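To start, the structure itself, in structure tokens.
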Amino acid sequence: MDEMTRSRAANVVRPRTTRSHKGMYGRVVIVAGDEHFGGAAIMSATAAVYAGAGLVTVATAAVNHAALHARLPEAMVCTWTDAMLPQLLAQADVVVVGPGLGDSAAAHVVLQLVLDTVRTPQSLIVDGSAIDIMAAGHQHQTGTAQTVWTPHAMEWQRLSGIAIANQTVAASQAAAAELPGVVVCKGAPTVTLDGHVAFRNTSGGPAMATGGSGDTLTGIIAAFIGQFGYSLAVVAAAVWVHSAAADMVARSQYVALPTAVSAALPTLMAQLSHSNAE
Ligand SMILES: NC(=O)C1=CN([C@@H]2O[C@H](COP(=O)(O)OP(=O)(O)OC[C@H]3O[C@@H](n4cnc5c(N)ncnc54)[C@H](O)[C@@H]3O)[C@@H](O)[C@H]2O)[C@@H](O)CC1
Ligand SMILES: Nc1ncnc2c1ncn2[C@@H]1O[C@H](COP(=O)(O)OP(=O)(O)O)[C@@H](O)[C@H]1O
Ligand SMILES: [Mg+2]
């Protein structure tokens with residue numbers, strides 16, 4: 001099994017070219033946050049912006065819009081039933097679906113809209129409640145080969161059918177081979193795999209064991225794909241940066257609050273890109 005290390009992550013986080021514009025760094029649409037889980041949408045979107053995505057639009061329940069703007073004026077916003085959403089999804093480079101999506105009829109409808117719209121070479125990140133809905137419906141296919149599944153152990157048990165105690169890399173590889181794209185098997189450590197190759201993460205720790213850490217990871221993965229392209233190594237590098245930012249926070253704080261982790265991203269990514277530039 002390969003390891004995702006600082007030096008490998010630094011190879012992904014390239015210095016930006018002088019003549020660049022936000023359209024080069026990814027149009028990201030995040031479909032998340034029902035009336036109860038607005039924080040998940042805000043944490044995912046915050047991470048996507050702070051990890052360098054070019055443009056971020058959040059499709060979330062209307063009740064979350066004011067809170068989102070208050071914390072993240074950089075993000076644009078719409079509802080799940082907005083007439084603009086199908087076009088926004090069709091024009092996105094990267095779509096995230098699932099953080100705080102919940103299990104309502106509306107959640108099922110908007111998930112199906114995403115699955116019916118997003119096609120290769122667009123990338124799709126499937127997380128949280130979207131994994132649970134697809135697992136319950138035995139839906140294991142998406143519209144794009146560039147899919148990233150980000151289950152924690154319980155979500156992976158639901159999707160793969162592998163009991164948590166039996167989630168070895170070999171068993172997870174066999175299950176991942178039956179899914180489009182790559183699977184981020186979140187845990188301690190996280191292993192990112194595609195049915196053939198696996199990257200074991202070398203950063204992170206228990207300070208990350210708090211609600212919102214996974215929501216935050218989805219935004220970082222989306223931003224990385226939007227800037228650096230879709231590949232197993234880019235996704236594994238996003239996992240490394242997420243955990244390394246948490247390690248930076250955990251040096252002085254008992255819990256790595258997901259919003260503090262996002263706040264640490266621009267500094268960490270600058271350090272990595274400078275080391276890459278040398
Ligand atoms: N502030 C917010 O709005 C938040 C929203 N969230 C959303 O809430 C929804 C439900 O996600 P949850 O993960 O909370 O709920 P789940 O029911 O999917 O998982 C929570 C339970 O799964 C079990 N579990 C998780 N990881 C495990 C492991 N490694 N080993 C053994 N058991 C494990 C634990 O019993 C845990 O209580 C998702 O859509 C998520 O995005 C959460 O991310 C928390 C924060
Ligand atoms: N003890 C730990 N060591 C390393 N990483 C951890 C630890 N506990 C949690 N994490 C990380 O925190 C994140 C938790 O994801 P998840 O359970 O989906 O959170 P959320 O509450 O946002 O849904 C994963 O990336 C996981 O790898
Ligand atoms: Mg989660």
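The model shown is predicted, which means the values in this text are computed figures rather than measured ones. Every number for a ligand or one of its atoms is a count from 1 in the order of the listing. Sequence positions, counted from 1, serve as the residue numbers for this chain.
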Looking only at protein heavy atoms, identify the closest one to [atom] and say how far it is in Å.
atom                    : value
atom 43 (O) of ligand 1 : D215 OD2, 2.7 Å
atom 39 (O) of ligand 1 : S129 OG, 2.6 Å
atom 1 (N) of ligand 2  : P206 CA, 3.3 Å
atom 19 (O) of ligand 1 : H152 NE2, 3.2 Å
atom 35 (O) of ligand 1 : M154 CE, 4.5 Å
atom 12 (O) of ligand 2 : S213 CB, 3.4 Å
atom 18 (O) of ligand 2 : K186 NZ, 2.7 Å
atom 23 (O) of ligand 2 : D215 OD1, 4.0 Å
atom 32 (N) of ligand 1 : I164 CD1, 3.9 Å

Should you measure from each heavy atom of [X], which atoms of ligand 2 turn up under 4.0 Å away?
X    : value
G187 : 4 (C), 5 (N), 6 (C), 27 (O)
G214 : 13 (C), 14 (C), 15 (O), 16 (P), 18 (O), 19 (O), 20 (P), 22 (O)
A209 : 8 (N), 9 (C)
G211 : 21 (O)

Can you tell me if [X] has a non-hydrogen atom under 4.0 Å from ligand 1?
X    : value
G100 : yes
H36  : no
P99  : yes
R158 : yes

Check: Touching ligand 2 at all, G212? Heavy atoms, strictly under 4.0 Å?
Finding: yes

Notebook entry, point to check: Which ligand 1 atoms does G98 reach within 4.0 Å, using its non-hydrogen atoms?
Noted result: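 Selected atoms, number and element: 39 (O).
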
Checklist line | Close-contact set for ligand 1 against A153 heavy atoms, below 4.0 Å | finding: 28 (C), 29 (N)

Item checked: N11 side, atom CG; R6 side, atom CZ - distance, nearest 0.5 Å ->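 Between atom CG of N11 and atom CZ of R6 there are 12.0 Å.
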
Next item on the list: For ligand 2, indicate whether the residue M208 contacts it via side chain, backbone, both or neither (heavy-atom separation under 4.0 Å).
Entry: both

Check: What part of T190, side chain from CB on, backbone N/CA/C/O, both or neither, has a heavy atom under 4.0 Å from ligand 2?
Finding: side chain

Next item on the list: Flag this pair as yes if the NZ/CZ of R8 is under 6.0 angstrom from the six-membered ring centre of F199 and inside a 45 degree cone about the axis; otherwise no.
Entry: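 Relative to the ring axis of F199, which defines the angle, R8 lies outside at least one limit.
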
